[in-house]
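Only one structure is covered here, and it is reproduced in the block below.
Just follow the structure's listing: the first ligand is 1, and inside any ligand the first atom is 1.
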Amino acid sequence: MKRFFLTLSALLVVAFAALSAPRYDIVPTPKKLTEAPGDFLLSKTVRLVVEDPAFAEVAADFKAQVTLATGFGLQGSGNAIRLVRREGFGKEAYRMRVAPEGVVIEATEVNGAFYALQTLLQLFPAEIYSPVRAKKVRKWAAPCCIIEDEPEFWYRGFLFDSGRFFFPKEEILKFLDLMAMYKQNMFHWHLTEDQGWRIQIDKYPRLTEVGAWRKETAWHSGIGNGIPHGGFYTKDDIREVVEYARKRCITVIPEVEIPGHSTAAIAAYPELGCFPDRHYEVETRWGIWKNLYAPTATTFTFLEDVFTELFELFPSPIYHIGGDEAPKDAYRESRYCQDLMKVLGIDREEELQTFFVKRMGDFLRKHGKTVIGWDEILDGGRLEDPIAMSYRGHAPAARGIRRGIRVVLTPNRWCYLDNKQEDQADNVAQEIFMPLKKVYNYYPAVDSLPDLSKKYIIGYETCLWTEYVPDNATAEYQAYPRNVAAAEVGWTARPNKDWESFRRRMPKILKTLDLKNIGYCPVYHDVIFDYDRRLDFPKPMNLQLDNPEGEVHYTLDGSEPTIRSPRYDGKPFVVDKGSVIKARGFVAGKPIGKTVTKTFAK
Ligand code: ACM
């Protein structure tokens, strides 16, 4: 009897697992997938057929990955994976038929072919991403289907802030790799800051001799740690990054901040600032600083020279000129700026920024570049056909699209990956609570303006600001897995987005991230304490687990939660000062992740 019971429960587990593991766990969800029975099997007889040389490069990279993981050379004489160039598809669109006797991929442009190959990789077991031969996989099967796919938004971005901390080139390449796998296509590289200038410019060597280094870093307390920090990318580094991105259909958009966030450049060349006689140092503290480039001939020549060198490095048709957080104290105080305002016939310092930005915008336009800037660039209203990044919520986006200006949405509460995703005593991330589900459920639109949103909102971008992200490990922890959810936000049409479906795909996503050696935040396994941090006591508290099969057990007496501890019933409960809550997720009676402890001071 006992034996029978065991067998039955084993069967139930198998059935449950089969139910919970989706047959097609593609991320981002394609526009249209028609299921079909059977599998396409990789073997040593399979061959890769590329009929158009335009697709040869992406095909070679696909083949290299497949060969690495499976040992199959894709040069057999049997079933084929065939890449066919056919007119009529959008730039990033493709159609793919996976059948037992072969795979046919059709696309017009290389981007579409590349994305089809990313989708095909995902149809195989996650070990297809293995960096070494995956010997344990018995059967390299891709489930049969027909996929017709194209993205919802053409701008699917990710910002990386190399200004606050310098990150080695290798880490940037790692991020690009992940972006490409999940079909993000715009790498917005924040390269200049008050705390560091990160790019070699031949004509101005002090930018990297002086501007790339600070004497220490001051954290929350404002007290420096005494440890010098710095670094910069050489032109060869940049070329390597841009080429690596190009091969993965990613555009690298450089950002040079004007007129604010410019202390590092002014420390290197004080004549660029409003008070050339003052001494400036590369900033060691975070925040918004008052040093601005002065709108002088010297500064314009400098910036034009810098951009001219960047044109050689970044073929991107879009250039980011910052524009955010530039308090006008220096413009008010500077005699030169006040005189210039009289000459220009303007009476508000804000308009001096407009003049500045317009001047640089015209220069970039003359060189065939579209200017993108933070939402402050909407304030002046004189730039020709810019793109605005709405980061202070949705109001700037609404203003922009009402005026027929293209907008990328980056509202900080949904898009800033330095926000918290869980509660960890040792985590110094920003206070806003932004768990995986919140990132996933975001849709980039101004809800009250659906038609204008459709027309002018061109996409969405997540931003990894790095004030509290000092190293590679923290960068990966903050960015992943949330940036995978973000990739689906940018690609997948609204009716096809489904949090429950995404959660079911999480195990394979995490396995893939493991294989790519990404130190992601294991939120999926840990309990999240969800409460309003602005409220004083008593605090209503929710406990969440990003795992559909899991349940939460918790204790209030400091003991380790077990399966016999109270089970959280999903309803908010109230905690008082002095409470210590320990909570842990359990799946099928077994603990998962780690115990998370939340202590509230008396
Ligand atoms: C920003 O968060 N200042 C763009």
Side-chain angles (χ1 to χ4, degrees), residues 155 157-165 186-198 220 253-265 283 285-293 318-330 350 353-354 356-357 360-361 371-380 383 386-400 405-421 428-434 438-439 442 444 457-469 475 478-479 482-483 486:
Y155 190 112
F158 170 62
L159 173 146
F160 195 95
D161 172 10
S162 287
R164 270 48 177 261
F165 280 98
M186 298 286 175
F187 180 63
H188 172 179
W189 204 357
H190 191 76
L191 285 164
T192 69
E193 256 308 334
D194 295 306
Q195 296 84 8
W197 178 284
R198 303 285 175 226
H220 275 304
I253 301 172
E255 178 179 357
V256 173
E257 279 265 21
I258 60 170
H261 290 282
S262 51
T263 304
E283 189 50 66
R285 297 158 296 169
W286 312 134
I288 297 173
W289 300 101
K290 294 177 179 171
N291 300 316
L292 304 185
Y293 288 117
I318 304 173
Y319 269 55
H320 203 299
I321 57 169
D324 59 321
E325 300 175 334
K328 302 298 177 299
D329 307 59
E350 282 69 23
Q353 171 160 341
T354 306
F356 196 128
V357 166
M360 290 319 302
V371 171
I372 187 165
W374 299 111
D375 56 49
E376 284 92 338
I377 68 158
L378 292 166
D379 296 343
L383 270 176
I387 300 173
M389 278 195 162
S390 186
Y391 75 98
R392 293 175 296 183
H394 294 79
R399 268 195 298 139
I405 291 173
R406 289 175 293 169
V407 169
V408 172
L409 274 163
T410 60
N412 64 331
R413 303 190 78 82
W414 290 268
C415 298
Y416 279 18
L417 293 168
D418 51 335
N419 289 331
K420 270 179 188 285
Q421 57 200 313
V428 290
Q430 306 279 31
E431 267 305 303
I432 291 170
F433 185 59
M434 197 178 92
K438 181 167 175 180
V439 175
Y442 183 68
I457 289 177
I458 60 168
Y460 159 78
E461 178 171 288
T462 44
C463 302
L464 186 56
W465 299 107
T466 58
E467 285 95 330
Y468 303 106
V469 179
Q478 288 300 120
R482 289 186 295 186
N483 216 29

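The single protein non-hydrogen atom nearest to atom 2 (O) of ligand 1 is Tyr416 OH, 2.6 Å, given as residue, atom name and distance. Ranking the protein heavy atoms by distance from atom 3 (N) of ligand 1 puts Asp324 OD2, 2.6 Å first.
Of the possible donor and acceptor atoms, one in the side chain of Asp194 sits under 3.5 Å from a partner among the backbone N and O of Ser262.
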#### Entry: Check against salt bridge (Lys or Arg N to Asp or Glu O under 4.0 Å), Arg198 and Asp161
CA-CA 10 Å; Arg198 303 285 175 226; Asp161 172 10; over 6 Å; no
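Within the 6.0 Å centre-distance limit, the rings of His188 and Trp374 are counted as a close aromatic pair.
Each of the atoms 3 (N) of ligand 1 lies under 4.0 Å from some heavy atom of Glu325.
The side-chain heavy atoms of Ile372 and Glu255, taken from C-beta on, include no pair separated by under 4.5 Å. Looking at Ile288 and Pro327, their side chains come closer than 4.5 Å, going by heavy atoms from C-beta outward.
At a 3.5 angstrom cut-off on N or O pairs, Trp465 does not count as close to ligand 1. Between His261 and ligand 1, not a single N/O pair is under 3.5 Å apart.
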